[in-house]
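Worksheet: the structure to be examined is printed underneath.
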Amino acid sequence: MNDIPALRDVIEASVRGLQAPDYSPSQIEAALQSVYGVDSQLIADGTYFVAEGLDSQGRLAIAGCGGWSKRKTLYGGDQYAAREDSLLDPGRDAARIRAFFVRPEWVRRGIGGMILEACENAAHEAGFKRLETGATLSGVAFYRAKGYAELERLQVPLGNGESLPIIKMAKE
């Protein structure tokens with residue numbers, strides 16, 4: 001929980017720096033206010049991971065983060081109104097791959113893949129046989145390269161009247 005301020009910085013930097021080619025500035029700002037954010041339930045459940053590295057001044061900093069969930073919510077931080085935190089049944093439901101963000105200066109170094117592998121392994125150890133994620137348009141190629149397939153296109157309502165297109169993806 002002590003990392004929450006640093007996680008907020010990572011999320012904001014990642015969204016503003018990496019999603020600009022796929023979303024408008026107003027979608028990004030509204031999503032940061034109403035959808036994207038720290039999910040303290042993932043932290044409390046012990047299913048959220050961070051990767052650290054040395055920043056440009058040689059200080060240890062969070063380079064990326066991501067988690068998996070045994071709860072029904074597919075996406076959204078603490079402030080997201082449509083959260084559903086009831087537990088999933090590993091024998092019937094898919095675990096959720098959630099809240100992946102990498103600082104722009106750390107992309108293409110395997111951080112997201114390393115965190116995803118840790119999440120997939122932990123979800124498998126918890127008895128889940130299937131995984132689902134709500135991928136941003138910016139993340140679809142990453143998940144596709146990791147074996148995820150598109151299930152459906154969703155429109156997440158934003159507080160400013162716009163919506164955020166995301167792609168629901170799954171992996172066996």
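Atoms considered below: every heavy atom in the structure, side chains included; atoms not considered: hydrogens, waters and symmetry mates.
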Please report the interatomic distance [atom1]([X]) to [atom2]([Y]), rounded to the nearest 0.5 Å.
X	Y	atom1	atom2	value
Glu152	Ile166	CD	CD1	9.0 Å
Gln19	Leu164	CD	CG	7.0 Å
Ser69	Asp39	OG	CG	7.0 Å
Ser26	Leu158	OG	CG	8.5 Å
Leu137	Ile167	CG	CD1	5.5 Å
Glu132	Leu74	CD	CG	6.5 Å

Indicate the atoms forming the closest heavy-atom contact of [X] with [Y], along with that distance.
X	Y	result
Cys119	Phe100	SG-CZ, 3.9 Å
Met1	Ser40	CE-O, 3.6 Å
Met114	Ala51	CE-CB, 4.3 Å
Ala135	Val140	CB-CG2, 4.1 Å
Gln41	Asp85	OE1-OD2, 4.1 Å
Leu42	Ala99	CD1-CB, 4.1 Å

For residues Gln33 and Asn160, determine if any side-chain heavy atom of one lies less than 4.5 Å from a side-chain heavy atom of the other. no
Is there a donor-acceptor pair closer than 3.5 Å between any side-chain N or O of [X] and the backbone N or O of [Y]?
X	Y	result
Arg98	Gly76	yes
Ser14	Val10	no
Gln79	Tyr36	yes

* To do: For Ile43 and Asp3, run side chain to side chain contact (heavy atoms under 4.5 Å, CB included): C-alpha distance rounded to whole Å, both residues' side-chain angles, the deciding distance at 0.1 Å, then the answer.
  => CA-CA 10 Å; Ile43 296 169; Asp3 286 333; over 6 Å; no
Open item on the list: Does this structure show an ion pair linking Arg103 with Asp55, if we count only N-O contacts that are shorter than 4.0 Å?
Closed with: no
query: Should the ring pair Trp68 and Phe128 be called parallel, tilted or perpendicular, given that the plane angle runs from 0 to 90° and is split at 30 and 60?
result: perpendicular
Worksheet item: How are the rings of Tyr148 and Tyr143 set relative to one another: parallel (under 30°), tilted (30 to 60°) or perpendicular (over 60°)?
Response: perpendicular
task: Determine whether more than 12 heavy atoms belonging to other residues, nucleotides or ligands lie under 6.0 Å from atom CD of Glu150.
output: yes
Is the CD atom of Glu117 crowded by more than 12 outside heavy atoms at less than 6.0 Å?
no
Hydrophobic cluster membership, with links at side-chain heavy-atom distances under 4.5 Å among I/L/V/M/F/W/Y: are Phe101 and Ile4 in one?
yes
Result for side chain to side chain contact (heavy atoms under 4.5 Å, CB included) between Leu116 and one of Thr133, Ile111, Ile97 points to Ile97
Taking it one step at a time, do Lys72 and Asp93 satisfy salt bridge (Lys or Arg N to Asp or Glu O under 4.0 Å)? CA-CA 9 Å; Lys72 290 189 179 178; Asp93 300 316; 6.0 Å; no
Would you verify whether the NZ or CZ of Arg109 falls within 45 degrees of the ring axis of Trp106 while also being under 6.0 Å from that six-membered ring's centre? yes
| Arg96/Leu88 under side chain to side chain contact (heavy atoms under 4.5 Å, CB included): CA gap, chis, key distance, verdict | CA-CA 9 Å; Arg96 309 300 196 230; Leu88 297 165; 3.9 Å; yes
Those residues at least two apart in sequence (or on a different chain) that pass salt bridge (Lys or Arg N to Asp or Glu O under 4.0 Å) with Asp22 are none
The salt bridge (Lys or Arg N to Asp or Glu O under 4.0 Å) partners of Lys171 (sequence neighbours excluded) come to Glu120
Next item on the list: Output, in order, the C-alpha distance, side-chain angles, deciding distance and verdict of side-chain hydrogen bond (donor to acceptor under 3.5 Å, both in side chains) for Glu162 and Tyr23.
Entry: CA-CA 11 Å; Glu162 292 186 77; Tyr23 299 111; over 6 Å; no
